[in-house]
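To start, the structure itself, in structure tokens.
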Protein chains: 2
Amino acid sequence: MADHTARPAHTAQPAAEPGAALPRPTLESVAERAGVSRATASRVVNGGAGVRAELREKVRLAVDELGYVPNLAARTLVTRRNGAVAVVVAEPESRLFSDPFFAQHLRGISRELSAADNQMLLLLIEDQRDYDRVGRYLAGGHVDGVLLFSLHHADPMPETARRVGLPFVVGGRPGWPGAESERDLVYVDSDNRGGARLAVQHLRSLGRRRIATITGPLDQTSSLDRLDGYRDLLPDGDPDLIAEGDFTPDGGGRAMAELLARCPDLDAVFAGSDAMASGALKVLREAGRRVPEDVAVVGFDDVESIAAWTDPPLTTVRQDIEEMGRLMARLLLRRLADPTTSATRVAAPTSVITPTHLVIRASA
Amino acid sequence: MADHTARPAHTAQPAAEPGAALPRPTLESVAERAGVSRATASRVVNGGAGVRAELREKVRLAVDELGYVPNLAARTLVTRRNGAVAVVVAEPESRLFSDPFFAQHLRGISRELSAADNQMLLLLIEDQRDYDRVGRYLAGGHVDGVLLFSLHHADPMPETARRVGLPFVVGGRPGWPGAESERDLVYVDSDNRGGARLAVQHLRSLGRRRIATITGPLDQTSSLDRLDGYRDLLPDGDPDLIAEGDFTPDGGGRAMAELLARCPDLDAVFAGSDAMASGALKVLREAGRRVPEDVAVVGFDDVESIAAWTDPPLTTVRQDIEEMGRLMARLLLRRLADPTTSATRVAAPTSVITPTHLVIRASA
DNA sequence: AGTTGCTCAGAGAGCGCTCTCATCAGGGCG
DNA sequence: CGCCCTGATGAGAGCGCTCTCTGAGCAACT
């Protein structure tokens, strides 16, 4: 399709030996062809404000004919803007692979960024050394901002980002002491606590009285917040009804077995993730408990590839993961656009909490 | 940690107003501090070959003291190398989200690229318009090469990559007519056909005689190849034993139901993916067939989050997905490094087929 | 002693772009 | 009729880097 318009460029070029990459047209060549100065050509390429319509057309034509595409490196060199944002994912292999969570999150981010003509750079942190590598990369000035994911306690990335002077937005409430009050610290999280309340409330409305919970790893705020929601409704609950998992099916199964051993009379379980719920379902089945007749189960996340495919399909708390990604990107873009926020103390960058709601299927 | 060495830079700088980003040190300033020319400083920064050890040390010291990091835009502008590779993923939402396949693939790629100090740029294609956007991006010269994923029939990306003159490597055997013979067309695929043979062979060795198969979408070469493998061992097989799925659990379930209706006497199923196998297991369970007693099931992929967690755990054909990603990256990097391959007809870029093998669990 | 060859350092020319600033044309005003 | 203001255009100075080319210095050869 573009072939047609691009052809004249080739014929206009001095004949190049076949197979050799022909030199990319520059602004200079566009300007020459349009009979204007480089400055004017640049103006047109960048929106065309303040250029007579007639000239504007001439330049546009030249651009089309030559198939001109601006050289980003040159542009970045002078504007000091890359049009790129880094997404730093520091997550152990196990979860990154098993959880569609990240894919959805990334998609939301990618959508929002590309809508604003920004590129997404994915930086994976696998081991300790990678912190250095990524740190160096960020310091290299390849990106205008950073999106950070699921930080663990005392994660060095926010400090790194701050040191190299890059604006950043965090996914998930950061858990280190004082984080909440830090100016400049913007995060996006879902209403974990409220979601947990919904789950427990639903189980209670079903008449369940011995409601257990399987938490995620308790060094993550999402786990803690969900547990807090559970406790909100069961302030005097039996501590034996609480078991810690690790967000995997495996861990969920182990926690379920533990709970069954401690409290054989339990009649409901709220699992802190769909993955853990699926493990719990398996253990319950093996223990001869019927779901939901004997034990009602509610999950968290509403990850499609899990929740809808368990046996029985999982009632769960839905969080709009993609929307969270989109929000993170939007927040960061806003900070990038507003020069005042890049200075130290100005402006109020506000964190955002997205709502959660209950999706009722067969398991509860 | 870097704080300590970076400090002198700040104090050496003219006092900047607090909050304002201090200007990044340039090669020029490094050279000045080390008492050498910019050229020599550049040599040291880029390896230090051909520089006297004494000067080399001086420059290194200056770099450390100033916290110098090369400006990539400037470097790219002159070298015409970005140190970045685009990964273009054109996959419908459903599969991208549900399949850990991609995460693993990406991880392999990321590992290999970062080992060679290359950046990975993820470009997601969601709808038709994105082809343009990505095409423009690639034409923009942000990257040195492209990694293409799971192309569908007549996918325009390879042509786009070729038009903008970017070397590329494809994941999965391309399916369009004549693709095989195209020079410059390098791909990485697993031994789908051989893997399928392994699966069927195993089922036969178990004494199964009515072996059905659920294929993936037949416009993808991986599906076709697996079907071919199945047929290799069952050349005179009953065509009623073949049903088409879509790589999702749902589609696998539907296909299974179909098969049961057509051939109630089937005693084994080879599913073209673990996801489809999980759907099939569910349908079999609902139909009252015991697995593996009544019907043996073998999957494909060995995706951990599925295969090990089905009930019963899935016997499946394993392909080393991460290794495939790594291979793709390695192949591309080799093309980038070797200037001869960038010219048209030279060199023999070889595609790679990775082996598959059987992982035996409980379902067969 | 003259020549050649070699290693190492510096000078300087760009890479392609943006952006400031000077210039110039034209219109409204005193 | 001259002045200033506005708006459109072009000239040119870099952005920070790499890389070629020149030349200095020195050892080894004729």
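Below, read A as the first sequence line, B as the second, and so on, with proteins coming before strands; counting in each chain starts at 1.
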Near B/Glu32 CD, under 6.0 Å, is it more than 12 heavy atoms from other residues, nucleotides or ligands?
no
Can a side chain N or O of B/Thr79 be found less than 4.0 Å away from OP1 or OP2 on D/dT18?
no
Let me know the distance between CD of B/Glu28 and P of D/dT18, rounded to the nearest Å.
13 Å
Expressed as a whole number of angstroms, how long is the span from B/Leu72:CG to D/dC17:C1'?
10 Å
Roughly, in whole Å, what's the span from CZ in A/Arg43 to C1' in D/dG10?
8 Å
How many Å lie between CG on B/Asn82 and C1' on D/dC17, as a whole number?
14 Å
Approximate separation, where rounding is to 0.5 Å, of A/Leu77 CG and B/Leu77 CG:
6.0 Å
Residue closer to the 5' end of DNA chain C, B/Ala39 versus A/Pro70 (nearest nucleotide):
B/Ala39
Does B/Arg52 put a side-chain nitrogen or oxygen below 4.0 Å from OP1 or OP2 of C/dC8?
no
If you compare every side-chain N and O of A/Arg80 against the phosphate oxygens of D/dG16 (OP1, OP2), does one of them come in below 4.0 Å?
yes
Please determine, for the side chain of B/Tyr68, which listed nucleotide (D/dT9, C/dC17, D/dC17) has the closest atom?
D/dC17
Below 4.0 angstrom from OP1 or OP2 of D/dC17, is there any side-chain N or O of B/Ser42?
no
Phosphate contact (D/dG12 OP1 or OP2) by A/Arg38 side-chain N/O below 4.0 Å:
no
CZ of A/Arg75 versus C1' of C/dC17: gap in Å, rounded?
8 Å
Looking at A/Arg163 and A/Glu159, is there a salt bridge between them, counting it only when a charged N and a carboxylate O are closer than 4.0 Å?
no
Would you call the rings of B/Phe149 and B/His105 parallel, tilted or perpendicular if under 30° counts as parallel and over 60° as perpendicular?
perpendicular
What distance separates B/Leu166 CG from B/Arg335 CZ, expressed to the nearest 0.5 Å?
11.0 Å
Between C1' of C/dC19 and CG of A/Asn46, the distance in whole Å
11 Å
State whether B/Ser37 places a side-chain N or O below 4.0 Å from either non-bridging phosphate oxygen (OP1 or OP2) of C/dA9.
no
Residue-phosphate contact under 4.0 Å: A/Asn71 side-chain N/O, C/dC15 OP1/OP2
no
Rounding to an integer number of Å, can you tell me how far A/Leu55 CG sits from D/dG7 C1'?
13 Å
Take the protein atom CG of B/Leu27 and the nucleotide atom P of C/dG12, then report the distance between them rounded to whole Å.
17 Å
